[in-house]
Every structure is written in structure tokens, then in C-alpha cells.
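FYI, the numbering just counts along the sequence from 1. Just so you know, these numbers come straight off a predicted model, no measurement behind them. Order of listing sets the numbers, starting from 1, for every ligand and every atom in it.
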Amino acid sequence: MPLTTGMEILSAARAGGYGVGAFNTSNLEITQAILAAAEETRSPVLVAVSEGGLSYGGKPLIDLVLGMARDATVPVCLHLDHGSSFERCIEAIRLGFTSVMIDKSHADEDENVAETKRVVDAAHAAGVSVEAEIGRLGGVEEHVVVAEEDAILTKPDEAERFMDATGADYLAVAIGTSHGANKGTGRPYIDHGRIEEIAARVSKPLVMHGASGVPTELVERLNAAGGRLDGASGIHEDDVRSAVARGIAKINTDTDLRLAFTASLRESLARTPKEFDPRKLLGPARAEMRTVIEGRMRLFGCAGKA
Ligand code: G3H
Ligand code: 13P
Ligand code: ZN
């Protein structure tokens with residue numbers, strides 16, 4: 001089926017009270033895992049490519065994703081994750097993306113509004129949906145490290161003003177999550193009251209970045225197979241459920257796929273020292289990612305919604 005816009009998928013999710021996953025890809029195997037999981041669980045899905053992913057895979061990666069998405073029997077949106085400028089968003093739209101994120105959350109509010117509005121006008125003219133962000137997450141974002149103390153939680157009144165001024169379709173909010181595999185000590189605190197207050201003022205879909213669960217089992221396997229990941233922590237499943245119940249409609253996951261991929265790959269390499277067929281090493285990693293994604297889809301509540 002033809003690609004779907006982000007807004008088509010996410011407005012149904014917000015109205016229906018469920019979340020939809022946006023999963024980052026940068027190669028064939030990750031894309032296959034995402035789409036196979038979506039088919040298996042009958043879930044709508046956003047396949048996300050970051051600017052780093054775009055630089056890594058270029059147009060061939062995007063053509064590959066587009067070709068595979070067109071063969072899908074569930075709604076699929078191709079989404080630019082953390083677009084840093086108007087120019088990068090336009091590049092993505094020209095390549096065939098059906099959703100772009102303009103992330104000017106590190107700039108001041110005026111610049112964020114102006115640049116977001118510029119992207120919204122161009123994207124909407126091309127029938128493409130737009131995600132914007134206000135507030136600032138901690139963690140690693142596009143290779144920029146944001147210290148926890150520099151993170152700024154989204155203010156509900158600013159969020160309302162920002163969405164009215166820009167006309168963006170969905171809003172990424174900072175509510176306690178952060179990017180990467182180290183989201184804080186113990187169970188990271190998620191400000192559910194804040195989500196509720198934002199949702200009361202913004203009727204459009206809300207987006208949770210940095211939502212990976214960072215499963216202990218995967219971290220232990222990764223480390224047992226020669227990896228070294230210290231102090232790992234992720235978002236508790238109950239916090240994800242609760243966030244969805246309060247208005248989060250798009251949930252971003254990248255780290256969990258990276259962990260599944262790398263744990264599996266390290267194990268395969270250690271277990272089969274004589275193996276040098278890449279398919280024998282990457283195939284199990286693809287299967288592990290698919291299992292993780294299917295679990296995420298069931299957790300978000302989008303399984304069976306396609
Ligand atoms: O939000 C960040 C995503 O995990 C993408 O990360 O910029 O390393 O591709 P990346
Ligand atoms: P994680 O690092 O928690 O997977 O978050 C990914 C993300 O927000 C991509 O935009
Ligand atoms: Zn993100």
C-alpha cells in the first residue's frame with residue numbers, strides 16, 4: 001500500500017488512546033525487523049531515520065525503505081528523526097519521507113517557532129506531516145551530549161502557545177526521559193502529571209522520545225559476550241502505559257534495537273568462530289530485534305490496530 005502520513009497514523013492513535021512506535025533504522029536488517037514485527041502484530045508503524053542514519057545510508061537506504069514499505073499490508077510512515085534545519089527537512093521530503101521532525105529545541109523559543117513554522121508551511125504544501133519539540137531532553141541527541149541538569153521539562157502553557165503559533169502536527173515533550181542507554185539511576189522519574197497538563201492544552205498527538213526500556217537481560221547478555229555497558233537504565237513499562245493513557249501517541253525506540261542487535265551479534269561471533277557468512281551473523285540479530293519490536297508494539301497498544 002502507499003505510504004501513510006504520520007498524522008493519519010497518530011491522530012487515530014491519540015483519538016483511540018493507544019501509542020504507535022517509531023523505530024530507528026539505518027540498514028536492511030533493522031528495516032526488515034520493523035516491518036516484519038508490524039505485519040506480525042498488525043500494527044501501524046513509523047520507520048524513523050535520523051540525520052546520522054541518512055548520512056550513513058544515503059538515498060539507497062531511503063529507496064530500500066520506501067520499496068519495502070510499499071509492499072507492507074499495514075500503514076507505514078517514513079519519518080525524519082531530529083531534523084536539525086529547514087534544509088534537511090526539505091531534503092527528506094524530496095526523498096519521499098511522509099513525516100519530518102524539525103528539532104529546534106536547543107534554540108530559543110522565537111527561533112524554534114520561526115523555523116518550525118517555515119518547515120510546517122513547506123511540508124504541508126507537500127502533504128507531509130511535521131513533528132516539533134519544545135523543552136529539552138537529557139542524554140545523547142544527534143551526538144550532542146545534554147547533561148541531565150541542562151534538560152528542561154516542557155511547560156504546558158509554552159506547549160500550547162508553540163503549537164498554536166507553528167501549526168505543527170505532533171509535539172515531542174520533555175517529561176523525564178532521555179536518549180541512550182543511561183537514563184538515570186534506578187527507575188527514571190517520569191512526570192505523568194505534566195503529560196496530563198500538556199494533553200489538556202494540546203489536543204494533537206504527543207511524542208515520547210528516549211522511551212527505550214533498556215532490558216536488563218539484553219544488557220547482561222551484551223556484557224557477558226564481551227561488551228561493556230555500565231550503569232544502564234531504561235523506562236519502566238508501567239511508565240510507558242501510563243504515558244499513553246495520558247496522551248502520548250508516538251513512542252520512539254532506538255536503543256533497545258541497538259542492544260538486541262549487538263548482544264546477538266557478539267554472541268554469534270563468540271559462539272561460531274569459524275563462521276564468516278554475514279547472513280549467519282546478522283540473521284539472528286534481525287530476529288532478536290523483531291522480537292523486541294513486537295513486544296514494544298504490544299506494550300504501546302497498537303497491536304491489532306492495522
Ligand atoms: O534520538 C536519537 C536516535 O537514537 C538516533 O540516533 O543520531 O545516532 O542516529 P543517531
Ligand atoms: P532511545 O534512545 O530511548 O531508544 O530513544 C530514541 C529516540 O528518542 C529517537 O528519537
Ligand atoms: Zn529522539
Just heavy atoms, cut-off under 4.0 Å: does N24 contact ligand 2 by side chain, backbone, both, or neither? side chain
If you scan protein heavy atoms around atom 7 (C) of ligand 2, the nearest is H179 CD2, 3.4 Å
Which of the ligand 1 atoms, numbered from 1, are nearer than 4.0 Å to a heavy atom of H179: 1 (O), 2 (C)
Should the ring pair H179 and H209 be called parallel, tilted or perpendicular, given that the plane angle runs from 0 to 90° and is split at 30 and 60? perpendicular
Contact with ligand 1 for M101, non-hydrogen, under 4.0 angstrom: no
For ligand 2, which part of S50 has a heavy atom less than 4.0 Å away: the side chain, the backbone, both, or neither? neither
Could you work out, for atom 9 (O) of ligand 1, the closest of A48, G210, S50 by heavy-atom distance? S50
Short N or O distance, D256 and ligand 2, threshold 3.5 Å exclusive: no
Judged by modelled atom types alone, do S84 and E51 share a side-chain donor-acceptor pair under 3.5 Å? yes
Proximity to ligand 1 by part of D81, non-hydrogen separation under 4.0 Å: side chain
Under 4.0 Å from ligand 1, counting heavy atoms only, is it the side chain of H82, its backbone, both or neither? side chain
If we number the atoms of ligand 1 from 1 as shown, the ones under 4.0 Å from a heavy atom of D254 are 3 (C), 4 (O), 5 (C), 6 (O)
Record the part of N24 in heavy-atom contact with ligand 1 below 4.0 Å; permitted values are side chain, backbone, both and neither. side chain
Compute the minimum heavy-atom distance from M101 to ligand 2 and say whether it is under 4.0 Å. no
Does the pair E288/R221 count as a salt bridge with the N-to-O cut at 4.0 Å? yes
